[in-house]
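Each chain gets a letter, A, B and so on, in the order the sequences are listed, and its residues count up from 1. The basis for the numbers below is simple: all heavy atoms, side chains too, and nothing from hydrogens, waters or symmetry mates.
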Amino acid sequence: MEKSFEPAQIESTWYARWEASGVFKPSGQGEPYCILLPPPNVTGTLHMGHAFQQTVMDMLVRYQHMRGMNTLWQVGTDHAGIATQKIVENQLAVEEKTRHDLGRDAFVERVWKWKEESGSTITNQMRRIGAAADWSRERFTMDEGLSAAVRKVFIDWYRAGLIYRGNRLVNWDPALGTAVSDLEVNNVERDGHMWSIRYPVADSNESLVVATTRPETMLGDVAVAVHPEDERYAHLVGKTLKLPLSDREIPVIADDYVDKDFGTGCVKITPAHDFNDYAIGQRHKLPPITIFTLDAKVNDNAPAKYRGLDRYDARKQVLADLEALGLLVETKPHKLQVPVSQRSDAVIEPMLTDQWFVDLTSDKGRKEITEPALDAVRSGEIRFVPENWANTYTQWLDNIQDWCISRQLWWGHRIPAWYDEAGNIFVGEDEADARANATSEPVGALRQDDDVLDTWFSSALWPFSTLGWPLDGPVKDAHGNVVADWQHDKIFLPSAVLVTGFDIIFFWVARMVMATKYFTGRIPFREVYINAIVRDAEGQKMSKSKGNTLDPLDLIDGIALEPLVAKSTRSLLIPQVRAKVEKRIRKDYPDGIPAIGTDALRFTFAALASYSRTINFDIKRAEGYKAFCNKLWNAARFVLMNVSSPLPTGEGSKPATEAERWILTRLSQTLAEVEQHFVSYRFDHLAQALYEFVWNEYCDWFLELAKPALNGDDTEAAASTRHTLLVVLEAVLRALHPVIPFITEEIYQDVAPRLGLVEINVYARPYPRPADFASDAAASAEIEWFKAVLSGIRKIRSEMNIAPGKVIPLLLADGDAADRTRATKFAAQIAFLARVETPRWIETGADEPATAAAVVGSLRVLIPLAGLIDLGAEKARLAKEITRIEVEIKKCEGKLGNANFVANAPAEVVAQERQRITDWNTQLAALREQAGKLST
RNA sequence: GGGUGCUUAGCUCAGCGGUAGAGCGUCGCCCUUACAAGGCGGUGGUCGUAGGUUCGAUCCCUACAGCACCCA
């Protein structure tokens with residue numbers, strides 16, 4: 001083995017070997033255990049959130065596989081309608097073309113070409129993380145099989161009356177020219193203005209003043225609303241206003257949506273361009289007036305003067321004209337929430353358009369889709385971890401709106417609906433099927449709907465479409481390989497757990513439950529583990545414009561400062577932002593980012609994966625866990641050096657020393673903890689339990705205790721110690737494999753032959769169980785005693801500045817029979833590890849030289865002062881220790897002296913307190929005796 | 001405005017009713033033949049503030065403050 005842990009070397013070859021050998025395919029043996037990868041965006045690259053999530057999934061899959069489950073990690077990508085179309089459109093823009101120059105078919109073909117060439121970036125990055133996924137079943141939401149599922153679902157829901165087409169107000173992205181989901185809209189606080197505008201009352205000298213942040217929309221006003229109980233305006237309700245700039249008249253209406261105390265208490269109502277106004281318009285039966293074109297320019301419904309102006313130019317013009325008319329009463333700065341498209345950064349314009357919807361809110365829609373999805377969680381059939389996320393889920397579903405599923409794009413599943421010349425709708429697999437199922441005779445030719453379905457529509461089917469539904473037989477890919485077969489694969493539904501971020505509860509979780517329940521009658525997953533969101537070390541959201549993003553691959557491979565600056569600023573167009581980001585990176589990573597390797601990165605994610613909702617990723621911590629990998633590596637080196645050839649069968653298999661029985665006990669206990677932590681998804685505790693076992697017990701104590709045993713005269717002890725060193729190491733490799741797969745595999749290769757193991761990978765070995773290793777409480781007590789004695793001596797040596805290499809005399813005094821037995825038993829180990837001469841007992845009452853002392857129970861462990869120790873320093877040290885113990889005793893006495901405590905506290909707590917005071921007193925007596933001896 | 005969290009050592013985080021913990025950092029001594037990415041030993045906290053419940057509160061309750069995030 002190399003002298004130190006070199007992640008790049010280890011990681012470079014294993015993944016390809018695992019994948020090629022097919023070990024990640026379902027074994028066909030044991031209970032099914034499936035995890036669905038929330039399919040990442042095919043245009044995406046791996047970010048910290050993915051890496052974290054995938055580490056969690058991988059730990060679970062590897063663990064369950066080793067436990068003998070029939071595991072399937074179903075992976076793939078989604079077609080990301082908007083994002084992918086945009087990439088190809090940007091490429092065309094470089095050639096000074098638009099998608100319309102190519103035409104629909106040629107454009108879609110070009111997107112496919114892009115996908116074939118560039119769409120595997122993220123899946124290759126997943127391999128770097130070590131994902132134990134079955135790539136032979138990788139799916140893409142635009143695959144023929146998944147597309148067939150999309151068509152069937154659309155058609156079935158349509159025929160069941162659960163999908164309809166309607167003219168509704170939707171979030172319209174004027175830059176992309178498509179509807180987008182509420183969930184793709186961010187409300188961003190911006191500095192704007194609040195303008196107050198006077199609307200004259202018709203046939204009167206009176207007027208009203210309305211306050212608005214969007215004056216240009218007044219061109220589409222249909223009313224002004226006041227609160228029904230607002231006395232200031234009560235006399236005007238029902239009267240008519242002259243809408244300035246337009247030659248229209250509009251009514252004053254009363255509606256309790258209006259906040260009397262906000263602004264002037266008068267609200268202009270523009271139903272075609274505001275969601276709240278739309279609702280008011282409906283209540284008052286006021287037809288909306290659309291005043292913008294789909295690219296957000298003023299249309300022909302507005303006065304001629306404004307037509308063709310962009311919405312912001314129109315605003316300027318409207319304000320100027322109002323000013324000129326003396327109707328602009330006030331302009332003041334105002335902070336407002338602006339809806340911004342996540343996809344294009346364009347300001348969203350609510351727009352009345354024809355769209356397709358899934359009915360989630362009518363009696364029928366609720367009963368057949370929404371309620372079953374709610375019940376699955378309310379009944380506990382689906383469990384959230386941590387469980388309070390169930391509230392978020394149910395609250396969202398309680399307030400859900402119909403789901404707008406159409407998008408005005410070319411890349412995606414084209415809606416399987418056709419229109420005849422009279423505008424009648426015909427739905428089917430294809431035109432022939434649509435005709436065959438027609439309830440009325442089509443008028444003239446049929447024309448297919450131009451729109452495509454929301455990407456999430458196909459993602460919602462992922463739990464069953466990836467398993468082969470709706471086909472009842474094998475599904476083959478383009479190369480003729482079988483990628484799914486519903487007949488066999490439906491055993492993987494429901495999957496065991498969905499691992500995802502809370503931001504995706506609405507996109508994913510809810511919609512998958514709806515679709516899966518409706519079409520298969522099953523839930524898609526039994527548990528939903530909501531992972532924390534990864535932020536930077538200061539708790540700031542990672543964002544490119546802040547310069548605090550981390551690329552997981554940069555952590556794995558390391559990156560020098562200059563390339564890091566270059567890649568972090570490449571996509572930033574604003575010079576000030578560029579400069580800020582560059583400055584920050586030079587400050588945060590003056591030496592670039594060190595390579596920590598996949599294993600250490602994974603261990604860090606595990607260690608940070610508590611139930612908290614955010615994790616602040618601190619690179620320092622990752623470096624610490626790289627040190628842990630190095631520790632494991634070197635421990636293995638030590639063991640392998642000392643066990644250079646295969647152990648003869650049976651030799652040394654019975655532990656001969658207390659140390660072996662102790663470490664096996666601790667291993668068993670640690671494995672029991674690990675089992676619990678896997679069940680509760682407490683990967684932080686799991687990682688810590690294994691970390692402590694490996695470092696603080698196996699390395700710090702067992703390996704050290706093994707040294708004298710290996711070199712001692714007792715050949716039986718030496719043989720069994722060799723065996724135990726190896727057995728515990730091999731168990732540790734298995735226990736850690738789900739967390740750190742690469743290094744454990746690499747070490748396993750050298751360990752396996754020495755133990756005569758036939759499995760060629762750790763992954764093929766069973767996960768170690770607590771019962772595999774014998775527990776021995778007595779041995780544990782012995783070792784605890786030994787550790788206390790050794791620590792006492794070390795403390796004296798350190799505090800008295802005795803050179804570490806110097807061998808010094810050791811005396812023992814007082815104590816009981818057990819101390820004598822133990823001192824004899826551990827004499828060699830104490831001498832070796834504490835660098836002391838063979839201990840000598842001082843009989844009670846005999847003269848003692850001046851010594852420094854450590855107290856273990858009633859035993860005094862003594863180091864003679866002569867030539868080594870400063871008497872004054874030792875007195876001070878003792879005094880400090882005595883004070884500390886006196887404080888502890890006072891605390892105990894305080895409790896036990898309180899009659900209420902003794903009467904009310906549980907008996908075992910009182911007993912524990914009594915025991916504690918006894919132990920403290922024993923120790924105090926020994927310390928006082930020692931102090932007395934020094935002062936004479 | 002409605003909701004959900006968070007506040008514990010210098011930093012990043014566990015603990016959540018009965019002796020305050022980890023990693024990193026820091027200080028001292030050591031290049032001891034598995035590991036200086038290391039060893040040994042220290043230092044460091046009135047557990048956000050104020051009340052309450054309890055024999056006992058970092059932990060439960062209430063209020064307040066600060067900080068996040070989600071929804072409108």
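Among the heavy atoms of the strands, none lies under 4.0 Å from A/E623. Among the protein residues, A/R884 comes within range of no part of the nucleic acid, since none of its heavy atoms lies under 4.0 Å from any strand. Across all strands shown, A/N388 has heavy atoms under 4.0 Å from sugar-phosphate atoms exclusively, and none from any base.
Using a 4.0 Å cut-off, no side-chain N or O of A/Q395 falls inside it from OP1 or OP2 of B/rG3. Taking side-chain N and O atoms only, A/R621 has no distance below 4.0 Å to OP1 or OP2 of B/rU12. Between A/S612 and B/rA14 there is a side-chain polar atom (N or O) within less than 4.0 angstrom of OP1 or OP2. In terms of phosphate contacts, A/S610 brings no side-chain nitrogen or oxygen within less than 4.0 Å of OP1 or OP2 of B/rC13.
With the nearest nucleotide of RNA chain B identified for both A/N801 and A/N391, A/N391 has the one nearer the 5' end. Nucleotides of RNA chain B nearest to A/N276 and A/R613 differ in position, and the one nearer the 5' end is that of A/R613.
Listed candidates were B/rG15, B/rG23, B/rG5. Nearest to the side chain of A/Y625 is B/rG23. Candidate nucleotides B/rA14, B/rG3, B/rG18 were compared by shortest atom distance to the side chain of A/D684, and B/rA14 ranks first. Each of B/rU19, B/rA14, B/rC55 was ranked by its minimum atom distance to the side chain of A/P906; first place goes to B/rC55. Proximity note for A/K880 (side chain, C-beta onward) versus B/rU43, B/rG23, B/rA22: the nearest is B/rU43.
Side-chain atoms of A/E881 and A/T883 form no donor-acceptor pair, as typed in the model, at a separation below 3.5 Å. Between the side chains of A/T361 and A/D402, a donor-acceptor pair is found at a separation under 3.5 Å.
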Handout entry: Chi angles and distances behind the ring-ring contact (aromatic ring centres under 6.0 Å, His included) call for A/F605, A/F617
Key = CA-CA 8 Å; A/F605 284 134; A/F617 192 90; 5.7 Å; yes

Practice task
Determine, step by step, whether A/Y529 and A/F384 satisfy the ring-ring contact (aromatic ring centres under 6.0 Å, His included) criterion, reporting the C-alpha distance in whole Å, the side-chain angles of both residues, the deciding distance to 0.1 Å, and the verdict.
Solution key: CA-CA 6 Å; A/Y529 172 81; A/F384 276 81; over 10 Å; no

Fill in the blank from the handout: Under a 4.0 Å heavy-atom criterion, the protein footprint on nucleotides 31-41 of chain B, written with B, S and -, is -S-BBSBSSSS

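Pairing for B/rA9 is absent, with no Watson-Crick or G-U wobble pair whose two atom distances lie under 3.5 Å. Base pairing of B/rU33: no nucleotide in any strand meets the Watson-Crick or G-U wobble criterion (both distances under 3.5 Å). Across every strand in view, B/rG41 sits in a pair with B/rC27 that passes the Watson-Crick or G-U test at under 3.5 angstrom. Here B/rG18 sits opposite B/rC55 as a Watson-Crick or G-U wobble pair (both hydrogen-bonding atom distances under 3.5 Å). Across all strands shown, B/rU4 forms a Watson-Crick or G-U wobble pair, both distances under 3.5 Å, with B/rA68.
Between the P atom of B/rG23 and the CD1 atom of A/I615 lies a distance of 19 Å, rounded to the nearest Å. Summarising the geometry, the separation between CG on A/D618 and P on B/rA14 is reported as 13 Å, rounded to the nearest angstrom. Atom CG in A/L608 sits roughly 12 Å away from atom P in B/rU12 (whole-Å rounding). The distance between atom CD1 of A/I530 and atom P of B/rC70, rounded to the nearest whole Å, is 15 Å. Rounded to a whole Å, the CD atom of A/E692 is 19 Å from the P atom of B/rC13. The distance between atom CZ of A/F502 and atom C1' of B/rG3, rounded to the nearest whole Å, is 13 Å. In this structure, CG of A/D398 is placed 15 Å from P of B/rA72, rounded to the nearest angstrom. Note: CD (A/E893) to P (B/rG18) measures 22 Å, nearest angstrom.
The aromatic rings of A/F603 and A/F628 are tilted relative to each other, their planes meeting at an angle between 30° and 60°. Ring orientation note: the planes of A/Y691 and A/Y625 are nearly perpendicular, at an angle over 60° on the 30°/60° scale.
B/rA36 and B/rC30 have their C1' atoms separated by 10 Å, given to the nearest Å. One C1' atom belongs to B/rC60, the other to B/rC47, and the distance between them is 15 Å to the nearest Å. Taking atom C1' in both B/rC16 and B/rC61, one finds a spacing of 14 Å when rounded to whole Å.
Taking the ring centre of A/Y611 as origin, the terminal cationic atom of A/R682 falls inside the region bounded by 6.0 Å and 45° from the ring axis. The side-chain tip of A/R794 points at the ring of A/W701 from less than 6.0 angstrom away and within 45° of straight on.
In summary, A/D618 and A/K620 do not engage in a salt bridge, as defined by a charged side-chain N under 4.0 Å from a carboxylate O.
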